[in-house]
Amino acid sequence: MNRYKQIWRELIRGAVEEESGKKLDPADVIIEIPPRAELGDLAFPMFPYAPHLKTSPKDIARRVAERLRRNDSAASAGIETRGPYLNIHLDRLSVTSDVIAEILKSVELYGRGESLKGQRIVLEFSCPNTNKPLHLGHLRNDALGMSIERILSSLGAQVLKVNLINDRGVHICKSMVAYQHFGDGITPEELKQKGDHLVGDFYVRFAEWAKENPNAEELARQMLKSWEQEDPKVRELWERMNRWAIEGIEETYKKTGVRFDKIYLESQTYLLGRKIVEAGLEKGVFYKESDASVWIDLSAEKLDKKVLLRSDGTSLYLTQDLGTAVQRYQDWPFERMIYIVGNEQRYHFQVLFKVLELLGFHWAENLYHLAYGMVNLPEGKMKSREGTVVDADELIEDLERLAAKETFEKDRQAEAGDLRLTAEKIALGALNYYLLQPSPLKDMIFDPKESLSFSGSTGPYLQYTGARISSMLRKFNERKLEFQGGVFKPELLTLPDEWLIVKQMASYPESVFQAARELNPSIVTAALFELAQTFSHYYHDNPVLHNEDPDLVVSRITLTQALRQVLANGMDLIGVPFLDRM
RNA sequence: GCCCUAGUAGCUCAGCAGGAUAGAGCAACGGUUUCCUAAACCGUAGGUCGGACGUUCGAGUCGUCUCUGGGGCACCA
């Protein structure tokens with residue numbers, strides 16, 4: 001669609017220039033899509049030119065239209081004025097055949113581009129703690145990370161997905177202390193429990209215990225100290241429990257299709273920042289308080305004062321993130337680094353980026369915090385203390401069970417083939433779509449009931465549309481002889497819905513481009529939902545295979561084939577598996 | 001107290017660098033299956049876009065103020 005927009009932008013610009021005798025910047029030509037299809041395919045409001053031409057927008061529209069009608073390159077289209085608007089009806093036949101031909105030629109490359117070609121982008125996401133299993137918040141984070149990676153890559157960027165596992169600190173020691181006291185050497189194998197859940201249970205156990213035993217917190221602090229002094233017994237326990245947690249988390253990643261190119265462990269990076277802070281101290285960027293703690297004063301930037309090193313010389317979250325950033329740039333010099341982290345950490349990243357800038361790292365300006373919103377429940381916030389945190393594994397299991405049940409109830413199990421595999425894909429599609437549909441920056445409410453629904457604007461709706469199309473194409477191939485001699489004739493695709501489908505398919509690459517620009521996969525979910533909706537409406541009313549004229553059958557099948565391709569390409573970007581059958 | 005965010009239909013969300021009569025989905029009610037998968041399709045109902053002022057030919061969209069919700073301002077991460 002962009003192609004046609006640019007062509008017409010130029011034509012209109014030329015005509016307005018001739019009319020006014022003044023130069024006009026192409027960016028000043030505003031292009032819109034008319035609110036209703038019957039008004040046209042592109043719309044140009046004439047208001048902005050009124051001051052130059054000293055006449056009414058309505059009059060300008062009339063005069064520009066006159067001029068365009070005399071222009072050969074504009075002649076094939078319909079030019080119409082409607083008050084102050086100049087509306088263009090594109091040449092349906094040529095657009096239809098061009099768009100379909102392009103899709104069928106490009107196949108899975110349709111919608112991909114080169115606007116980010118060669119750009120090296122580090123994408124950090126997930127970042128779990130090893131003291132508990134993943135929850136719903138991580139699932140949103142992961143869905144965003146995976147989808148944004150695909151979107152950026154599809155436009156030619158080299159994206160490095162990195163995870164920073166938070167495997168040290170006093171909170172990790174808490175599960176360890178509880179395990180020492182109550183664990184009795186139990187293992188996940190013996191309990192038949194995922195390791196991350198086992199560790200998480202001891203973390204909860206610690207919190208309960210600490211309520212009655214004021215000594216507990218002190219024990220955790222002591223354990224952290226022993227850990228830092230590399231006490232072999234503590235290290236052994238730490239390694240064992242971390243392994244359980246990480247193996248469990250990795251199992252969840254496997255289920256949800258989450259993968260990383262590089263994993264950083266906080267236990268290996270937390271010392272890195274100190275050198276940088278010391279260097280900054282020498283440069284005079286930081287200063288030392290009388291108690292030996294190191295600070296930076298950012299009050300000029302409205303960011304307040306901030307501690308970089310504790311008085312006992314140990315590092316903090318910020319210290320460590322400084323080190324990690326520098327390390328990553330050394331590992332793989334990037335053009336951009338994007339942190340997908342909750343919006344409650346906005347301030348932290350503002351400070352982090354500012355400090356890096358003041359330290360003179362030129363790449364600091366290429367750091368970006370994608371501050372996604374919190375996931376809340378209909379009753380309010382998720383609170384671990386009240387046990388309202390939605391566990392990732394449980395949710396996925398529920399979705400799978402329900403998808404399998406649904407398949408059974410509709411008596412589709414034979415068609416679906418491997419029931420378990422299909423149910424898994426439906427569950428994953430439902431989950432990813434649900435989490436990616438709202439804009440990332442906004443908080444969202446997770447309604448368990450709604451998330452388990454497979455109808456309406458959902459992943460399974462896209463999958464269902466795809467499966468029906470696939471089934472239709474199979475039938476076409478089985479009955480090929482009937483339609484022998486049928487030829488694709490775009491001029492037979494005259495229905496309003498067919499034209500709408502063509503335009504929506506033509507706009508798809510722009511949606512991907514915009515999603516990449518805004519780091520917002522919801523633009524892709526919306527575009528696909530509209531496309532699927534238009535198609536569902538279309539084929540409900542209009543038979544594709546059941547037509548006398550083989551040319552019409554082939555023409556509609558060709559359109560359908562193109563649509564299937566666009567749908568599949570888009571679903572891939574948002575982590576909704578395409579299903580040939582369901 | 002200071003800073004950052006959001007407020008659109010009963011509920012969940014869109015609304016693309018201000019533009020034509022504000023859109024979906026869910027829920028509600030009513031309809032469609034000898035017909036390519038009813039996880040679908042169609043229809044009805046539902047809104048003074050939190051409020052006020054301002055900028056503009058034109059504001060859900062921009063600015064200021066205000067109300068309400070969320071988040072942040074730790075030698076936690």
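Residue numbers begin at 1 in each chain, while the letters A, B, ... track the order of the sequences.
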Tell me, please, which residues at least two apart from A:E278 pass salt bridge (charged side-chain N to carboxylate O under 4.0 Å, His left out). none
Polar side-chain atom of A:D196 near backbone of A:K132 as donor-acceptor pair, under 3.5 Å: no
Inter-nucleotide C1' distance (B:rG15, B:rA6), Å rounded: 16 Å
Report the C-alpha separation of A:T130 and A:N242 in whole Å, then their side-chain angles, then the decisive distance to 0.1 Å, and conclude whether the side chain to side chain donor-acceptor pair (under 3.5 Å) test is met. CA-CA 6 Å; A:T130 55; A:N242 259 339; 2.6 Å; yes
When you check the phosphate oxygens OP1 and OP2 of B:rU37, does a side-chain N or O of A:K475 lie under 4.0 Å from one of them? yes
Atom pair OG (A:S175) and CE (A:M223), whose distance is rounded to the nearest 0.5 Å: 10.0 Å
Can you tell me how far C1' of B:rU21 sits from CD of A:E38, to the nearest Å? 12 Å
Can you tell me the distance, in whole Å, between the NZ atom of A:K174 and the P atom of B:rC76? 12 Å
Which part of the nucleic acid, if any, lies within contact of A:M444, taking any heavy atom under 4.0 Å across all strands shown: a base, the sugar-phosphate backbone alone, or nothing? sugar-phosphate
Between A:F454 and A:L545, who's closer to the 5' end of RNA chain B by nearest nucleotide? A:L545
Sorted by chain and number, sequence neighbours left out, ring-ring contact (aromatic ring centres under 6.0 Å, His included) with A:F446 holds for A:Y434
A:P438 side chain, from C-beta outward: closest of B:rA39, B:rC36, B:rA14: B:rA14
Which pairs pass side chain to side chain donor-acceptor pair (under 3.5 Å) with one or both residues in residues 345-355 of chain A, sequence neighbours excluded? A:E301-A:K354, A:Y317-A:Q345, A:D321-A:H348, A:K354-A:E357
Ionic contact status for A:R412 with A:E406, cut-off 4.0 Å: no
Have a look at A:Y539 and say if it touches a base, only the backbone sugar-phosphate, or nothing, with a 4.0 Å heavy-atom cut-off. base
Between B:rU66 and B:rA24, how far is it from one C1' atom to the other, in whole Å? 32 Å
Can you say whether the rings of A:W227 and A:W238 are parallel (under 30°), tilted (30 to 60°) or perpendicular (over 60°)? perpendicular
Between A:I523 (CD1) and B:rG15 (C1'), how many Å, whole number? 11 Å
Using only side-chain N and O atoms of A:R468, determine if any of them is under 4.0 Å from OP1 or OP2 of B:rA38. yes
Structure string for RNA chain B in dot-bracket form, Watson-Crick and G-U at under 3.5 Å, | interchain: (((((((..((((.....[...)))).(((((.......))))).....(((((..]....))))))))))))....
Provide, to the nearest angstrom, the distance between the CG atom belonging to A:N520 and the P atom belonging to B:rA17. 12 Å
Of B:rG71, B:rU37, B:rA20, the nucleotide closest to the side chain of A:E344 is B:rG71
Review item, nucleotides 3-9 of chain B N/O atoms under 3.5 Å of protein N/O:
{"unit_1": "B:rG7", "atom_1": "OP1", "unit_2": "A:K442", "atom_2": "NZ", "d": "3.4"}

Would you tell me if any nitrogen or oxygen in the side chain of A:Y464 comes within less than 4.0 Å of OP1 or OP2 on B:rA39? yes
In whole Å, what separates the P atom of B:rC26 from that of B:rA39? 14 Å
Suppose we screen for side chain to side chain donor-acceptor pair (under 3.5 Å). Which residues come up paired with A:S457, at least two apart in sequence or across chains? A:Y433, A:Q437
Hey, does the side chain of A:K381 come within less than 4.0 Å of B:rG71's phosphate (OP1/OP2), counting only N and O? yes
Would you measure the distance from the P atom in B:rU55 across to the matching atom in B:rG60 and give it in whole Å? 16 Å
Determine yes or no for a side-chain-to-main-chain donor-acceptor pair under 3.5 angstrom, with A:S293 supplying the side chain and A:E289 the backbone. no
Determine the interatomic distance between C1' on B:rC57 and the same-named atom on B:rU44; round to the nearest Å. 38 Å
Touch class at under 4.0 angstrom, heavy-atom based, for A:A50 against every strand present: nothing
Whether A:R474 and A:E415 form a salt bridge (side-chain N of Lys/Arg under 4.0 Å from carboxylate O of Asp/Glu) is what I want to check. yes
Pick the P atom in B:rC13 and in B:rU34, then give their distance to the nearest Å. 39 Å
Answer with yes or no whether A:N87 presents, from its side chain, a donor or acceptor under 3.5 Å of a partner atom in the base of B:rA20. yes
Pairing of A:E218 and A:R221 as salt bridge, 4.0 angstrom limit: yes
Across the strands shown, which category fits A:Y347 at heavy-atom distances under 4.0 angstrom: base, sugar-phosphate, nothing? sugar-phosphate
Donor-acceptor contacts, no H, no angles, side chain residues 519-537 of chain A, under 3.5 Å, sequence neighbours left out:
{"unit_1": "A:N520", "atom_1": "OD1", "unit_2": "A:S522", "atom_2": "N", "d": "2.9"}
{"unit_1": "A:N520", "atom_1": "OD1", "unit_2": "A:S522", "atom_2": "OG", "d": "2.7"}
{"unit_1": "A:N520", "atom_1": "ND2", "unit_2": "A:S522", "atom_2": "OG", "d": "3.4"}
{"unit_1": "A:T525", "atom_1": "OG1", "unit_2": "A:S522", "atom_2": "O", "d": "2.8"}
{"unit_1": "A:T534", "atom_1": "OG1", "unit_2": "A:Q504", "atom_2": "OE1", "d": "2.8"}
{"unit_1": "A:T534", "atom_1": "OG1", "unit_2": "A:Q504", "atom_2": "NE2", "d": "3.2"}
{"unit_1": "A:T534", "atom_1": "OG1", "unit_2": "A:E530", "atom_2": "O", "d": "2.8"}
{"unit_1": "A:S536", "atom_1": "OG", "unit_2": "A:Y461", "atom_2": "OH", "d": "3.2"}
{"unit_1": "A:S536", "atom_1": "OG", "unit_2": "A:A532", "atom_2": "O", "d": "2.9"}
{"unit_1": "A:H537", "atom_1": "ND1", "unit_2": "A:D497", "atom_2": "OD2", "d": "2.7"}

Using distance only, find each side-chain donor-acceptor pair of residues 28-50 of chain A under 3.5 Å and give its atom names and separation, not counting sequence neighbours.
{"unit_1": "A:D41", "atom_1": "OD1", "unit_2": "A:W499", "atom_2": "NE1", "d": "2.9"}
{"unit_1": "A:D41", "atom_1": "OD1", "unit_2": "A:K503", "atom_2": "NZ", "d": "2.7"}
{"unit_1": "A:D41", "atom_1": "OD2", "unit_2": "A:L90", "atom_2": "N", "d": "2.7"}

Gap between atoms CG and C1', on A:D447 and B:rU12 respectively (whole Å): 8 Å
Kindly give the atom pairs (protein nitrogen or oxygen, nucleotide nitrogen or oxygen) under 3.5 Å for nucleotides 41-46 of chain B.
{"unit_1": "B:rC41", "atom_1": "OP1", "unit_2": "A:Y461", "atom_2": "OH", "d": "2.6"}
{"unit_1": "B:rC41", "atom_1": "O2'", "unit_2": "A:H540", "atom_2": "ND1", "d": "3.0"}

Mind checking the P distance from B:rG70 to B:rU12? Whole angstroms is fine. 15 Å
Suppose you measure atom C1' in B:rC35 against the same atom in B:rG47; what distance do you get, rounded to whole Å? 39 Å
Atom-pair distance (CD on A:E518; P on B:rA17), nearest Å: 6 Å
Salt bridge (charged side-chain N to carboxylate O under 4.0 Å, His left out) involving A:D580 - partner list, sequence neighbours excluded: A:R564
In this structure, how many angstroms lie between the C1' atom of B:rG58 and the NZ atom of A:K58, rounded? 17 Å
Sugar-phosphate or base contact per nucleotide [nucleotides 26-31 of chain B; S, B, -; heavy atom under 4.0 Å]: S-----
Could you check how far NZ of A:K305 sits from P of B:rA74, rounded to whole Å? 12 Å
Once ring-ring contact (aromatic ring centres under 6.0 Å, His included) is applied, do any residues pair with A:F513, and if so which ones, sequence neighbours excluded? none
Of A:S439 and A:L316, the one whose nearest nucleotide on RNA chain B sits closer to the 5' end is A:S439
Side chain of A:R517, heavy atoms from C-beta onward: which of B:rA17, B:rA20, B:rU37 has the nearest atom to it? B:rA17
